[in-house]
Every structure is written in C-alpha cells, then in structure tokens.
Asker: 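Here it is, the structure, as structure tokens.
A note on names: the letters A, B, ... follow the listed sequences, proteins ahead of strands, and every chain is numbered from 1. Computed from a prediction, not measured in an experiment: that's the story for all the values here.
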Amino acid sequence: MGAFAELYEDLHGALGPQAWWPAESRFEVLVGAVLTQNAAWRNVEQAITRLRDAALFAPEAILAAPVARVAECIRPSGYYNIKTQRLRAACEAWLALGGEQGMAAMPTLALRNALLAVHGLGPESVDDVLLYGFERPVFVIDAYTRRIFSRIGVVDPRAGYDTLQQQFQADLPVDAQQFNEYHALIVQLGKSFCRPRQPRCGDCPLLSRCAHGRAEMNQRS
DNA sequence: CTCCAGAAAT
DNA sequence: ATTTCGGGAG
C-alpha cells in the first residue's frame, strides 16, 4: 500500500465518514462548483438560496434573466460580476451538452475536456462536477490538498494540478466513492488541524507521518 | 503574478 | 484590520 492509501486509512480511522455533496441535483453541483471558487461554502449556500427564492435555479431561467438580477442573487458568494459570467457560460454548456442525460452518457475524459473548454471552469471546478455530480472517479485537488500533503512531505508544493492528481490516482483504487470521501476528509483536516496559520500539529491525527508536524513538535520541546 | 471585491473568523 | 475561503482568467 502506497503513502496516499495509508494516509487515507489514517484519516478515515481518525475522523470517520464525512458524506459530502450526496443528495443534491447534478445542476446544483455545477452551480456550487462555480460559486465556491475562492469563497467559503457558507456564502455559497446563501447565494443558492437566493437563486431559488428568485425562481432562477435552472439553466434556462438563469440565461433568460437579466444579468443584473443573477448578479444580485449570487452576491453573497463574492466576485459576483465575474461569477455571473461564469455561471452563464456554465449554463450554456449544460444545455449544449444535452443536460443531465447528455452529460451522463459521455465518457469521463470527453466530458472533462468539454467542461474544461468552458469559460470559468478550471480543473478543480470541473473535477468537482465530475466526482460529486456524475460520480466519476477523478481525484479533486484543492488548496487544502496542496498544503496538507506538501507539509507531510509527499508532494512538491509547486507541482501543477495534473501532476498532483496523477500522484493520488496512481496510488489509489479507481473508486469514485473513495475519492469523494478522501477529499472530504482532506477538507475537514485542513479546517480543523492543518490550518494555514497556527496549525494544531499537536492534536493532528497525521502527526506521526508529517515532516512539518515533527519539526514543529521538536521546536516546541 | 494581479485582479476579482463578499462574509466569517481571527 | 487582516486573512481565508471546495479558483480561474488575463
């Protein structure tokens, strides 16, 4: 078993099942993926609620509405002018790709490339949609993943998205369910212990496996 | 590397 | 008052 698989076992044992993004619509995953870009999820929930209250929670409705009305709804998620453009582009792509049925019928790589071509959807947002919306086995790399695993010492902090993703995927079974769970565990660890500032290394479940954590402990003793 | 430009935590 | 947040484009 490789390092990434072992770290998953440690995390899962310590933090337990997380169960993320389970019972939402596929379209909501797409909307969430755009709105959560450099924004806290709490704020994204407000934006989604406001879209629902305005009866705009469908690709056709968002495209038919005045741009200013959509922008007003999603304001709580920040960067609302840019995100309105990105959300519109995502809705256009949703319809152009045949909606839920059309996208569900596409092979993973073809769907990934089609989504990457959309203005406003980068690799992380696309992989959110693939994994959480369409249950495809792609590993999502985010800021938490970079921070945690570079501190542990098993990845290069300057490595690109695709390189990091391949490191994880090469070491783990091709299983959407586990990728889902692993990413959720990473986020939880990043929020609770492996924070950007003042990480709680002393209480971290991965302390014994982490280069940064061991150095931190030695310094404080 | 800079811009984008809101809310909650610190 | 500053930083951070399920980032991406120019």
Asker: Looking only at side chains, do Asp127(A) and Tyr132(A) share a donor and an acceptor under 3.5 Å apart?
Answerer: no

Asker: Considering only atom P, compute the distance from dA7(B) to dG8(C) and round it to an integer number of Å.
Answerer: 22 Å

Asker: Ala105(A): what forms a side-chain contact (heavy atoms from CB on, under 4.5 Å) with it, not counting sequence neighbours?
Answerer: none

Asker: Write down the distance between OH (Tyr79(A)) and P (dA5(B)), rounded to a whole number of angstrom.
Answerer: 9 Å

Asker: Are any of the side-chain heavy atoms of His212(A) and Pro199(A) separated by less than 4.5 Å?
Answerer: yes

Asker: Residues in side-chain contact (heavy atoms from CB on, under 4.5 Å) with Arg50(A), at least two apart?
Answerer: Glu72(A), Cys73(A), Pro76(A)

Asker: NA contact type, Arg147(A), heavy-atom cut-off 4.0 Å: base, sugar-phosphate, or nothing?
Answerer: sugar-phosphate

Asker: Polar atom pairs between nucleotides 8-10 of chain C and protein, under 3.5 Å, N or O only, would you list them?
Answerer:
unit_1: dG8(C); atom_1: OP1; unit_2: Gly122(A); atom_2: N; d: 3.2
unit_1: dG8(C); atom_1: OP1; unit_2: Gly122(A); atom_2: O; d: 3.1
unit_1: dG8(C); atom_1: OP1; unit_2: Glu124(A); atom_2: N; d: 3.2
unit_1: dG8(C); atom_1: OP1; unit_2: Ser125(A); atom_2: N; d: 2.8
unit_1: dG8(C); atom_1: OP1; unit_2: Ser125(A); atom_2: OG; d: 3.0
unit_1: dG8(C); atom_1: O4'; unit_2: Arg86(A); atom_2: NH1; d: 3.3
unit_1: dA9(C); atom_1: OP1; unit_2: Gly120(A); atom_2: N; d: 2.9

Asker: Using side-chain contact (heavy atoms from CB on, under 4.5 Å) as the criterion, list what pairs up with Thr108(A), not counting sequence neighbours.
Answerer: Arg136(A), Val138(A)

Asker: Taking atom C1' of dA5(B) as reference, at what distance in whole Å does atom CD1 of Ile74(A) sit?
Answerer: 13 Å

Asker: What's the CH2-C1' distance between Trp41(A) and dT4(C), to the nearest Å?
Answerer: 17 Å

Asker: Looking only at atom P, what distance separates dA1(C) and dA5(B), rounded to whole Å?
Answerer: 22 Å

Asker: Restricting to pairs with a member in residues 45-70 of chain A, which pass ring pair (Phe, Tyr, Trp, His ring centres under 6.0 Å), not counting sequence neighbours?
Answerer: Phe27(A)-Phe57(A)

Asker: Could you check how far CZ of Arg197(A) sits from C1' of dT2(C), rounded to whole Å?
Answerer: 8 Å

Asker: Ignoring the backbone of Asn38(A), work out which of dT4(C), dC5(C), dA5(B) is nearest its side chain.
Answerer: dC5(C)

Asker: Applying a 4.0 Å non-hydrogen cut-off, can you work out what Lys83(A) is touching in the nucleic acid: base, sugar-phosphate, or nothing?
Answerer: nothing

Asker: With sequence neighbours left out, what residues match His119(A) under ring-ring contact (aromatic ring centres under 6.0 Å, His included)?
Answerer: none

Asker: Can you check whether Tyr80(A) has a side-chain N or O nearer than 4.0 Å to OP1 or OP2 of dG6(B)?
Answerer: yes

Asker: Apply salt bridge (charged side-chain N to carboxylate O under 4.0 Å, His left out) to Arg158(A) and list each qualifying residue two or more places apart in sequence or on a separate chain.
Answerer: Asp156(A)

Asker: Whole-Å distance between dG7(C) P and Leu30(A) CG?
Answerer: 15 Å

Asker: Would you list the protein and nucleotides 7-10 of chain B atom pairs, both N or O, that sit under 3.5 Å from each other?
Answerer:
unit_1: dA7(B); atom_1: O4'; unit_2: Asn43(A); atom_2: OD1; d: 3.4
unit_1: dA7(B); atom_1: O4'; unit_2: Asn43(A); atom_2: ND2; d: 3.1

Asker: With sequence neighbours left out, what residues match Asn113(A) under side-chain contact (heavy atoms from CB on, under 4.5 Å)?
Answerer: Leu109(A), Leu116(A)

